[in-house]
2 protein chains.
Amino acid sequence: MFNITSGSVRVYKLLPDGRRQITGFLFAGDFVGLATGEDYAFSAEAIEDATLCRFRKSDYRALIRQAPALESALLERATHELAAAQNQMLLLGRKTALERVASFLLNLPEDPVRPASDGLVRLPMTRAEIADYLGLTIETVSRVFSRLKTTGVIRLVSLHELRIEQPDRLAALAEGEG
Amino acid sequence: MFNITSGSVRVYKLLPDGRRQITGFLFAGDFVGLATGEDYAFSAEAIEDATLCRFRKSDYRALIRQAPALESALLERATHELAAAQNQMLLLGRKTALERVASFLLNLPEDPVRPASDGLVRLPMTRAEIADYLGLTIETVSRVFSRLKTTGVIRLVSLHELRIEQPDRLAALAEGEG
DNA sequence: CGATTTTTTGATTGCTGTCAATTTGGGTGG
DNA sequence: CCACCCAAATTGACAGCAATCAAAAAATCG
């Protein structure tokens, strides 16, 4: 089990022919490998320089014995991840490309370095990673970004940083009310 | 929190315009509402006659104090659900209609009444529910069923019961190797 | 057994994927 | 510091899978 100290990590699954689904992006503070023993059948890779804190299974067990409250906290985290997973299933199963990208942008964590950055979000991942997270192709992601840009909803500061100019319109688009 | 004693339950989320994504089907033995306190923002309904066992939050807490091992068990369950959710994200984001239906059929629990039923599976849910679970329309689900039927992979015993005639071919189809 | 809902089947549309060509950006070495 | 190179991203043309619209068939229910 790992705890991310800094940086970003992607968790994903593959099909035999190479199709990839990224099931989540993890950031500082998040845990990787909540599985308690069995084989979990997913992969994880850093998408930028990252530092992790590793727990051995034996150490983990000792820690639990020593501080049972830790297990409650982990259960709560797992529950939150489960809720996030359900949201992502709704996105993948029922939302259009525009709605997916809008939802994605709204769920990105605000830059922790500049908390009052007012709509400025960092995109440490590539377009390909965004596409594999949203169940789309890079071309479609790119087209939606362009559309949001020309309609004034967002502004691309750089390839990996953008500003949400109209959060309410973006929120409406995310729920199919645009 | 509830524990299903018998029957089947669907868990789902809705978009404002009515689009529905069923995030899971639960059967006897499964838990509903693993959330430890907060609002979870999903709905659950029985899809056939079902009996549940309810736990109040206070009772739950008392139970945990009395048997801390229970919390470990719940964490493990949540972890399994998380793994299942990741599989479903792969399905919704990257699989074709044929692959989705094939995967769905393989993941159905075998009839517990007749354990040696050899490929006989029960479909307590309607086509509409299957469609909303797989991110498809009822028409597409129906067409795939027909295709699997004419190719001899499955046989429809009745609308809500079918036999998997060629499990290996179905498994190959599920992973895009058909 | 008739009415109504569910499922299946058919015809057509359309959103997103695929294929392809630029354009942009990042990184490296001169 | 700049020019070059390669990878990533954008943009365009077209195709295809699944959605939509529509109708027939089957199943459920009173």
Side-chain angles (χ1 to χ4, degrees), chain A residues 10 15 17-22 45 47-49 91-105 122-151 153-162 173 176 178, chain B residues 10 15 17-22 47-49 90-105 122-151 154-162 173-174 176 178:
Chain A
R10 62 166 180 248
L15 285 173
D17 63 4
R19 278 174 287 173
R20 180 177 68 166
Q21 179 64 39
I22 292 180
E45 291 173 3
I47 61 178
E48 60 181 344
D49 289 350
L91 181 151
L92 292 170
R94 289 304 181 206
K95 290 190 180 180
T96 66
L98 177 60
E99 290 161 5
R100 294 183 197 199
V101 172
S103 303
F104 168 70
L105 293 177
R122 219 164 50 86
L123 297 168
M125 62 291 286
T126 65
R127 297 289 187 272
E129 287 164 340
I130 295 173
D132 283 350
Y133 179 59
L134 299 179
L136 301 170
T137 60
I138 52 177
E139 292 93 333
T140 298
V141 170
S142 184
R143 273 184 255 271
V144 174
F145 269 62
S146 297
R147 192 135 73 91
L148 290 172
K149 201 172 54 181
T150 59
T151 54
V153 177
I154 64 172
R155 171 189 299 275
L156 285 171
V157 179
S158 75
L159 264 179
H160 292 287
E161 198 165 27
L162 64 83
L173 290 173
Chain B
R10 62 166 179 249
L15 285 172
D17 63 5
R19 278 174 289 174
R20 179 177 68 165
Q21 179 64 39
I22 292 180
I47 61 180
E48 60 181 345
D49 289 350
L90 176 64
L91 180 152
L92 293 171
R94 289 304 181 206
K95 290 191 179 179
T96 66
L98 178 61
E99 291 160 5
R100 293 183 198 199
V101 172
S103 303
F104 169 70
L105 293 177
R122 219 166 49 86
L123 295 170
M125 62 291 287
T126 65
R127 298 289 186 271
E129 287 165 339
I130 296 173
D132 284 348
Y133 179 59
L134 299 179
L136 301 170
T137 60
I138 52 177
E139 292 94 330
T140 298
V141 170
S142 183
R143 272 185 255 271
V144 173
F145 270 52
S146 296
R147 190 134 74 92
L148 290 172
K149 200 173 52 181
T150 59
T151 55
I154 65 171
R155 170 190 299 275
L156 285 170
V157 178
S158 75
L159 263 181
H160 293 287
E161 198 166 28
L162 64 82
L173 290 173

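A, B, ... follow the sequence lines: proteins, then strands. Residue 1 opens every chain.
For B/T137 and D/dA18, the shortest distance from a side-chain N or O to OP1 or OP2 is not below 4.0 Å.
When heavy atoms are screened at a 4.0 angstrom cut-off, A/L136 is found touching the sugar-phosphate backbone but no base atom.
Between the CD1 atom of A/I138 and the C1' atom of C/dT22 there is a distance of 14 Å, given to the nearest Å. In this entry the distance linking NE2 of A/H160 with P of C/dT24 reads 17 Å, nearest Å. Here C/dT16 presents its P atom at 12 Å from CG of A/L134, a figure rounded to the nearest Å. Going from atom CD1 of A/I130 over to atom C1' of D/dA9 covers 11 Å, rounded to whole Å. The distance from atom CG of A/L156 to atom C1' of D/dT11 is 15 Å, rounded to the nearest whole Å. Going from atom NZ of A/K95 over to atom P of D/dA19 covers 18 Å, rounded to whole Å. Taking atom CZ of residue B/R127 and atom P of nucleotide C/dT5, one finds them 19 Å apart after rounding to whole Å. One interatomic measurement links the two molecules: CZ of A/R19 to C1' of D/dC17, which rounds to 13 Å at whole-angstrom precision.
Residue-to-nucleotide proximity on DNA chain D shows that, of A/M125 and B/G135, the 5′-proximal contact is made by A/M125.
In this structure, B/D49 places its CG atom where only 12 or fewer heavy-atom neighbours from other residues, nucleotides or ligands lie under 6.0 Å away.
Sequence neighbours left out, the pairs with a member in residues 123-142 of chain B that pass salt bridge (charged side-chain N to carboxylate O under 4.0 Å, His left out) are A/R94-B/D132, B/R10-B/E129, B/R20-B/D132.
Residues B/R19 and A/T96 are in side-chain contact: their nearest non-hydrogen atoms beyond the backbone lie under 4.5 Å apart. Considering only heavy atoms from C-beta on, A/T140 stays 4.5 Å or farther from A/L134 through its side chain. Contact annotation: the side chain of B/L159 never approaches that of B/L123 to less than 4.5 Å [non-hydrogen atoms, C-beta and beyond]. Between B/F145 and B/I130 there is a side-chain heavy-atom pair separated by less than 4.5 Å. A heavy-atom distance below 4.5 Å is not found between the side chains of A/L136 and A/V144.
The side chain of B/A97 sits closest to D/dA18 out of D/dA18, C/dT7, C/dT16. Of all nucleotides listed (C/dG25, C/dT16, C/dT7), C/dT16 comes nearest to the side chain of A/T96.
Listed by residue number, B/E139, B/T140, B/R143 are the residues of residues 139-151 of chain B with a heavy-atom contact under 4.0 Å to DNA chain D.
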